[in-house]
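This report refers to the structure that appears directly beneath it.
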Amino acid sequence: MIKQQNVKLGFALAMLTAVMWGIVPIAIKYALVVVDPLTLAWSRLAISALGITIWLAYKKQFPNLMMFKKRRRFILLMIAGFGLLGNFALFASAVQYLSATASQVVAQTGIMIFMISSAFIFKERLRPTQIIGILVLLTGLVLFFNKNIVDLFSNMSAYSIGIWLGLLASVSWACYALAQKVLLRKLRAEQLLWLIYLICTVFLLPFTSPSKMANADATQLFAIIFCGLNTIIAYGALVMAMERWQAAQVSAITTLTPLFALIFSDLFALIWPEKFAMQYLNILGYIGAVSVVAGAMFATIGHYLWHPRKGWLINLNKGEE
């Protein structure tokens, strides 16, 4: 049984992950003023690789690379590596055209793609709650982008390009998550992330221009470094949260990311209006953002709350008490 103090710590760590993921697109958008998306993605991965290298050296827990002599494991590692590389590069590219909130709203489709793909690849049956959650998420997307939904299919505007890049980033993340799901049976999460970050850093380097960072002012350089540290802190907190709390509940908390992106975007715009732009959503947009989060959350933990035959399980549990 999970101890109560561990549950509280797990909740706090999951919230930290959601907050960090909510802030990172704001920092990315600010850093992209001086560097290109590929260079920024590379710097995030390089800083993360360095950080985990130090951690694994301290713990003396480097993975045994001989396990990848098996062709299947090596292929899965490459899929995971290039999946995460594509996610980082495409997400940074999408943020060029979208607001921080919009980019994180689109990113929630990764959960949907992962669930549907798992059903086909791992022969996992989609629960009714997952199907309902996915439908609510899709409805939320339509509501959030209600002012631009027609342009998405009829006109390749900058905003439309951003949305499509964000969707491709979600597909890339789902590929990474599917391969990771298998590899985690043989590796610890931090060991796998270390290998993936190294692969991404090496393969992305020829397509980057690190010299551009020399043109950054103090605040832009802070944003670049923060993006890298954000990755270490967010994924580190996520791993520790899952060690102390059930994975489904942790995943549910992280679906709050778009709401944190919305809150911090407007907060930064109020504090530093000369550096950050205020977001302007209509009422349908706000309803859509909440619906996307609610759909992703229900798809993740809905089976703990509702059963198609038994009804709401919360009321049932109270009755049993």
Side-chain angles (χ1 to χ4, degrees), residues 17 21 38 41-42 44-53 55-57 59-93 107-126 130 134 165-207 228 231-232 234-243 246-248 250-251 254 296 299-300:
T17 300
W21 282 348
L38 292 182
W42 174 82
R44 289 183 68 193
L45 293 161
I47 293 171
S48 300
L50 177 61
I52 297 183
T53 299
W55 175 256
L56 291 178
K59 287 287 191 177
K60 297 180 181 179
Q61 291 180 345
F62 285 106
N64 181 6
L65 300 181
M66 296 303 292
M67 66 177 290
F68 293 104
K69 291 180 74 174
K70 289 190 175 182
R71 187 163 174 252
R72 180 172 177 268
R73 289 177 187 167
F74 179 77
I75 291 172
L76 285 170
L77 180 62
M78 290 298 106
I79 292 173
F82 284 102
L84 193 65
L85 187 157
N87 174 258
F88 271 55
L90 289 165
F91 184 79
S93 300
Q108 295 305 302
T109 59
I111 297 172
M112 173 188 71
I113 296 168
F114 173 70
M115 286 181 175
I116 295 173
S117 300
S118 293
F120 284 100
I121 296 172
F122 301 115
K123 309 301 180 185
E124 297 176 352
R125 185 179 177 183
L126 280 175
Q130 289 177 318
I134 288 170
L165 286 170
L167 289 171
L168 287 174
S170 293
V171 172
S172 193
W173 179 85
C175 292
Y176 149 75
L178 290 166
Q180 181 197 49
K181 184 172 183 176
V182 179
L183 290 170
L184 284 177
R185 298 170 187 167
K186 299 293 182 180
L187 289 166
R188 293 174 61 89
E190 57 269 29
Q191 292 174 327
L192 179 57
L193 284 174
W194 177 68
L195 290 170
I196 290 172
Y197 288 154
L198 285 179
I199 291 169
C200 294
T201 302
V202 171
F203 278 94
L204 198 54
L205 181 58
F207 306 99
T231 304
I232 299 174
Y235 277 96
L238 182 66
V239 170
M240 288 190 289
M242 288 191 172
E243 289 174 349
Q246 293 182 24
V250 173
S251 299
T254 60
T300 305

Measure the shortest side-chain to side-chain distance between T231 and Y197 over non-hydrogen atoms and say whether it is less than 4.5 angstrom. yes

Any side-chain heavy-atom pair of I199 and L85 under 4.5 Å: no

To the nearest 0.5 Å, atom CZ of R73 lies from atom CG of L187 at 8.5 Å

Examine distances only and state if a side-chain atom of S48 and a backbone atom of R44 form a donor-acceptor pair shorter than 3.5 Å. yes

Suppose we call two aromatic rings close when their centres sit under 6.0 Å apart. Are F62 and W194 close by that rule? yes

Nearest heavy atoms of C200 and G81, plus distance in Å: SG-O, 3.1 Å

Could you tell me whether K186 atom NZ has more than 12 heavy atoms of other residues or ligands within 6.0 Å of it? no

Check L90 against S172 and note the closest heavy-atom contact, atom names and distance. CD1-CB, 4.4 Å

Under a 4.5 Å cut-off applied to non-hydrogen side-chain atoms, are L65 and L195 in contact? yes

F122 vs V182 side-chain heavy atoms within contact, under 4.5 Å: yes

Ignoring hydrogens, what is the shortest heavy-atom contact between A299 and I134? Give both atom names and the distance. CB-N, 4.4 Å

Would a 4.5 Å heavy-atom cut-off, applied to side chains only, mark L204 and F88 as touching? no

On a heavy-atom basis, the closest approach of Q61 and Q191 is O-NE2, 2.6 Å

Exercise: identify the closest heavy-atom pair between F68 and F74: O-CB, 3.6 Å

Look up atom OG in S170 and atom CZ in F114, then write down how far apart they are to the nearest 0.5 Å. 13.5 Å

side-chain contact (heavy atoms from CB on, under 4.5 Å) between W55 and I232: does it pass, once the steps are laid out? CA-CA 11 Å; W55 175 256; I232 299 174; over 6 Å; no

Which residues pass the salt bridge (Lys or Arg N to Asp or Glu O under 4.0 Å) test with K59, sequence neighbours left out? none

Set of ring pair (Phe, Tyr, Trp, His ring centres under 6.0 Å) partners for F82, sequence neighbours left out: F203

So which atom in L238 and which in T17 form the shortest heavy-atom distance, rounded to 0.1 Å? N-OG1, 3.2 Å

Minimum side-chain heavy-atom gap I116-F120 below 4.5 Å: yes

Between I75 and I79, is there a side-chain heavy-atom distance shorter than 4.5 Å? yes

Min side-chain heavy-atom separation L84-Q180 under 4.5 Å: no

